2 protein chains.
Amino acid sequence: MSPPAVAPRPAGRLRAPGAPAATPPGRVVPLYRADERHPQAQVCRRCTIRSEALFGALDETALDRIHVHIAELMLAPGEPLSRRGDDAALYTVRAGVVRAERSTTRGDRRIVRLAGAGALIGQEALLGRRSDDEWVACTAAQLCRIPASLVRELLRSEPALGQALMQRWQSALDDTEAWLADLATGPARRRVVRLVQRLAGLGDGRHLWLPRRSEMGAMLDLTLETASRQISALRRDGVLTAVGPGGAEVSPAALAAALRAADDA
Amino acid sequence: MSPPAVAPRPAGRLRAPGAPAATPPGRVVPLYRADERHPQAQVCRRCTIRSEALFGALDETALDRIHVHIAELMLAPGEPLSRRGDDAALYTVRAGVVRAERSTTRGDRRIVRLAGAGALIGQEALLGRRSDDEWVACTAAQLCRIPASLVRELLRSEPALGQALMQRWQSALDDTEAWLADLATGPARRRVVRLVQRLAGLGDGRHLWLPRRSEMGAMLDLTLETASRQISALRRDGVLTAVGPGGAEVSPAALAAALRAADDA
DNA sequence: CGAGCCGTTGAGGGGATTCAAGCTCAGTGG
DNA sequence: CCACTGAGCTTGAATCCCCTCAACGGCTCG
């Protein structure tokens, strides 16, 4: 239970755990009153995806150290995550799918990663760095904006958080390398089948989000026409059945068969 | 030169730096005697690439906390870094080039990263994980084997090390994403030119290591024949001139021109 | 020396791109 | 209501790039 450093912290009274702060409405509680339970801790505690998210590494008492608001933001499909603002931050994806784009020297864009619910993005903010990639919402998405300063503070008292961060970094690295091996290798058929497999993993298993054809092209380094042809072929083969725009249903058995067929070619 | 490694660690009373240990053979010094300066600290202090390496984050006094031997190992070209052994470890590349291979579901291998002098590889050992990729020496290579347990211990007293580790993780991630955008995108010509550009960066600028054609294929997802044709074309265009087997000299001006030509196609 | 590996080059076929046309569908305004 | 429009998807035809198969030369090594 070490106090969160930095600010000259005035003492408040100790309060029984669980007892809500009796704050007169309109009264502003200064940020440095970290001894009072900040409402954000309550919000985070009730977060439905906390177990998978970064703060899943924090136990109940550690959550109480959160003393700033974590902004929640919604992104419309195609809307970029604006990283402007001098105050660096990390983001947790609460719902939807966002993509990392990176523009090649040629000028065109290449999608290098996808992040679904529970994923942590923008970790480089912790290091004061900016990475070259830009995050854009694929579907409607909901994110939590976690200030880098908050993470840095929690890091001092909570070693588990450091571990969790390293885990995330390694996962991101593994994902990207797997992306390279799976989605950037071999003929178009194989790439598209593998992409569908991944997208099925992002969804609930049967129903999945299908990117635009031009997006598929940017993920797989194919033209949108070839992507379209391959998706059409998968529909003919019974792997996919279209459900509305940008949605589809997948047949696991047919998908497995397609994976095998694409591999031992 | 550094002491071999692994072997039961000799010790003695505090002694002047540089003076050899006068140790009765067979006597084992317990690990918690960290107050004695271990010879490894001297070795690391004199390391010629320490400034770029992981322990560059440690100052002089922190180096003295190193109390185990760090094994130095040489790899012949083509030799894999054997990760067998229950004791996890990280590795710093001191000289040469090593590659990360990852086998696709199809069975063939894809090279997903290159590591040159100063690079840290195998960080996942810190997390008790094993990643899917295997490291193989491209050229003759010299590595330092750093036990994960040592890093974990140093981590407790040296916050700078945690920062350095995160930096490395982010760099690896950035590298891989850039690899994806640069070397796995566009026509064969562009990929090969970009690869040569990277290899020139690994070398001293003019003289560079040229991989085997099949290795190039595994890096760029091309057949070795197309790789060969592209390299031949670069020779014809004056970008490369062969120097021995697996070596070449690059003309920076011609390379820049080739990059431009490949991009605005 | 023959065996094997590596690199190079050629010829032919196949797969992806390019260019192009037509389609559905949503939004708009006459 | 319906033509108009534009964006996204699909499909066709022609071209081109890369792969496949193949042969050959240089080189090292048993």
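The structure displayed is predicted, hence computed values, not measured ones. So you know, we letter chains A, B, ... as the sequences are listed, proteins then strands, and number each from 1.
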Q. Between C:dT17 atom C1' and A:R191 atom CZ, what is the distance in whole Å?
A. 13 Å
Q. So what does B:S232 hit on the nucleic acid, given a heavy-atom distance under 4.0 Å: a base, only sugar-phosphate, or nothing?
A. sugar-phosphate
Q) Pick one: which of B:R113, B:R110, B:R102, B:R109 meets salt bridge (charged side-chain N to carboxylate O under 4.0 Å, His left out) with B:E134? A) B:R109
Q: Could you check if a side-chain atom of B:L173 sits within less than 4.5 angstrom of a side-chain atom of A:E124, using non-hydrogen atoms only?
A: no
Q. Base, sugar-phosphate, or nothing: which does B:R235 touch, judged by heavy atoms less than 4.0 Å apart?
A. sugar-phosphate
Q. Starting at CG of B:L220 and ending at C1' of D:dC17, how long is that distance when rounded to a whole Å?
A. 16 Å
Q: Would you indicate which nucleotide in C:dT18, C:dA16, C:dT8 comes nearest to any side-chain atom of A:Q230?
A: C:dA16
Can you tabulate the close N/O pairs, meaning under 3.5 Å, that link protein atoms to atoms of nucleotides 23-29 of chain D?
none

Q) Given side chains that start at C-beta, do those of B:W179 and B:I111 come closer than 4.5 Å, heavy atoms only? A) yes
Q: To the nearest Å, give me how far apart CG (B:L224) and P (D:dC21) are.
A: 13 Å
(Q) Does C:dG7 have OP1 or OP2 under 4.0 Å away from a side-chain N or O of B:S228? (A) no
Q: Would you kindly say whether A:R191 and A:Q230 are connected by a side-chain donor-acceptor distance under 3.5 Å?
A: no
Q | Nucleotide D:dC9, atom P - distance to CZ of A:R236 in whole Å | A | 17 Å
Q) Any side-chain donor paired with an acceptor under 3.5 Å for A:R129 and B:S171? A) yes
**Q.** Test item: A:V136 and A:V98 side chains (from C-beta on) under 4.5 Å apart, heavy atoms
**A.** no
(Q) From CG of A:D221 over to C1' of C:dG15, roughly how many Å is that when rounded to an integer? (A) 14 Å
Q. Is it true that the side chains of B:E72 and B:Q142 contain a donor and an acceptor less than 3.5 Å apart?
A. yes
Q) Is B:R229 side chain donor-acceptor paired with the C:dG10 base, going by distance under 3.5 Å alone? A) yes
Q. Closest approach of A:L75 and A:A137, non-hydrogen atoms and distance?
A. CB-CB, 3.7 Å
Q) Can you check the B:L210 CG to C:dC6 P distance for me, whole Å? A) 15 Å
Q.
On the nucleotide C:dT17, are OP1 or OP2 found under 4.0 Å from the side-chain N or O atoms that A:T223 carries?
A. yes
Q. Tell me, which of residues 212-219 of chain B have any heavy atom that sits under 4.0 Å from an atom in DNA chain C?
A. B:R212, B:R213
**Q.** C:dT17 phosphate, OP1 or OP2, under 4.0 Å from A:T226 side-chain N/O
**A.** yes
(Q) Would you say B:D263 and A:T105 are linked by a side-chain donor-acceptor pair, where the criterion is simply a distance under 3.5 Å? (A) yes
Q: Can you tell me the distance, in whole Å, between the CG atom of A:D108 and the P atom of C:dT17?
A: 13 Å
Q: May I ask you to say what A:I231 touches in the nucleic acid, namely base, sugar-phosphate or nothing, with a heavy-atom cut-off under 4.0 Å?
A: nothing
Q. Under 4.5 Å between any side-chain heavy atoms of A:S251 and A:V239, yes or no?
A. no
Q) A:E225 CD to C:dT18 P: how many Å, rounded? A) 8 Å
Q: Could you check whether B:P187 gets within reach of a base, just the sugar-phosphate, or nothing at all, counting any heavy atom under 4.0 Å?
A: sugar-phosphate
